[in-house]
2 protein chains.
Amino acid sequence: MPPKSATNAERTRERILQATERLFLEHGFDGTSLRLITAAAGVNLGAVNYHFGSKDALFEAMLARRLDPLHAARLALLDEYQAAGQAPLSCEQLLAALFKPALALAREASPHCDFLRLLGRAYVDPSPVLRKLLAERYAPAIARFKDAFAEALPQLSRQELSWRLHFMMGALAYTLAGADAWRLIAAIQPEAERDDELLLRRLTPFLLAGLQAPAPLLDDESRTTPHRAASPEESR
Amino acid sequence: MPPKSATNAERTRERILQATERLFLEHGFDGTSLRLITAAAGVNLGAVNYHFGSKDALFEAMLARRLDPLHAARLALLDEYQAAGQAPLSCEQLLAALFKPALALAREASPHCDFLRLLGRAYVDPSPVLRKLLAERYAPAIARFKDAFAEALPQLSRQELSWRLHFMMGALAYTLAGADAWRLIAAIQPEAERDDELLLRRLTPFLLAGLQAPAPLLDDESRTTPHRAASPEESR
DNA sequence: GTCTATATCCTGATAGAC
DNA sequence: GTCTATCAGGATATAGAC
């Protein structure tokens, strides 16, 4: 691909993709109209459908361009760790296999793309289009990590583990997305700081402790009656 | 709602609010059109603007109806705990002051309203309308909890605490929202289980451990990732 | 007062001109 | 190949009938 073959068409495509990324971060899928995108990219409305076919396909292309390499790198690192020794991997290692590729790509892509925020937003966006895309595309990669976590945390029941990973995913996605409910609500977050590496280094001990916490004492996994006697209202 | 004194208008209002709650859970703010709402509620489009004035005002009314009592109850419980003893409250107590009113209202409102899911969705929705609403309306309540957490976790710097609360909020909101990225992606979540109380009892030890985890050593390399000696361009 | 009918703008998509 | 002009339907909001 010599500089001459970087045709006008390819540069148009690129401008559309970058505008889509940026606007998606701010407005989500439903809130980002094609007109907003084309206005920001300085291209015509029809160009989107010419290059990508539809809004759905455009967003799929935009996300796949960033997330495919991420998941490939994550699995490669997981493979590497698993090949290194026969003992089960630790939670630290698994978090590293999840975070390090993300950080590397974030550094690589920046400043064109706020990569980690894009990742978070994709995970919390309510649009069925994105949910379905993520579900279909990245299920195998995530399932491998789930199995690895199951080995790292054998004391947890499969159900308990599922929930813990869900909690972890929530803290991660919400934080990355900058879904700043608390920041807005209570000025909780210091103004300037937005250092991806620092953020993940703060997040890691929180998640590790949460994952390794003792399992809660539940009265019975198959509770038939939610006994109101032990209900929290009366106790103090 | 008394059966006879409920005028036609009031019942229309109520049907609109209930439809809005249900559809917002599924589609988010941007994805929930007034047409969708009026079709579900069996009322005319104009009725919404007559009763509420605008889409924004409708969603504000819908959320305030649920979240105002929640935050009032949370603050009342916090007051009660703080009045009981002069020692700083524990994290357990603070989580209880956050969770117990939510659970009580969830039980009360159900099955008309999936209260906790509504709460979570409101926190993760990308729409600026909702973000602004939550920020302006519930800032004082949340700030009080932040101060209380600062007393409960004196070993954490203010900045570290801010992040931990942010992480906690993420796990909470994401889980409550049923933002089922991982569920969809990896069938992580067991099918049937959706028991609010059980969910919060699983979440509590995770959050407690995370909040109380030792603070990361940010300038020391002793807590870097395992297995790999060389981290990619460690420049700080 | 309450809701029907309508107005006006915006959305995603396409057919066809350059 | 790329973009202009335009479509049919959906978006919110309002003017006016009962």
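What you see is a predicted model, and the numbers here were worked out from it, not measured in a lab. So that the names make sense, note that chain A is the first sequence line, chain B the second, and so on, each numbered from 1.
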*Taking only residues at least two apart or on different chains, which pairs with a member in residues 19-43 of chain A satisfy salt bridge (Lys or Arg N to Asp or Glu O under 4.0 Å)?*
Glu21(A)-Arg65(A), Glu21(A)-Arg66(A)

*Could you note down all residue pairs passing salt bridge (Lys or Arg N to Asp or Glu O under 4.0 Å) where residues 54-63 of chain B supplies at least one of them, sequence neighbours left out?*
Glu60(B)-Arg137(B)

Among all residues two or more places apart in sequence or in another chain, which pass the ring-ring contact (aromatic ring centres under 6.0 Å, His included) test with [X]?
X: His71(A); result: Tyr138(A)
X: Phe99(A); result: none
X: Phe115(A); result: none

*Comparing Thr12(B) and Arg35(B) on DNA chain C - which has the more 5′ nearest nucleotide*: Thr12(B)

*Where along residues 40-53 of chain B does a heavy atom come under 4.0 Å from DNA chain C, residue by residue in number order?*
Asn44(B), Gly46(B), Ala47(B), Tyr50(B), His51(B)

*Who are the side chain to side chain contact (heavy atoms under 4.5 Å, CB included) partners of Ala61(A), not counting sequence neighbours?*
Leu17(A), Phe52(A)

*Quick one: side chain to side chain contact (heavy atoms under 4.5 Å, CB included) partners of Asp79(B), sequence neighbours excluded?*
Gln82(B), Arg144(B)

*asked:* Between Arg74(A) and Ala97(A) (side chain of the first, backbone of the second, donor and acceptor by atom type, cut-off under 3.5 Å), is there such a pair?
replied: no

*Could you list where the contact with chain B starts and ends along DNA chain D, reading 5' to 3', using a 4.0 Å heavy-atom cut-off?*
dG10(D) to dT14(D)

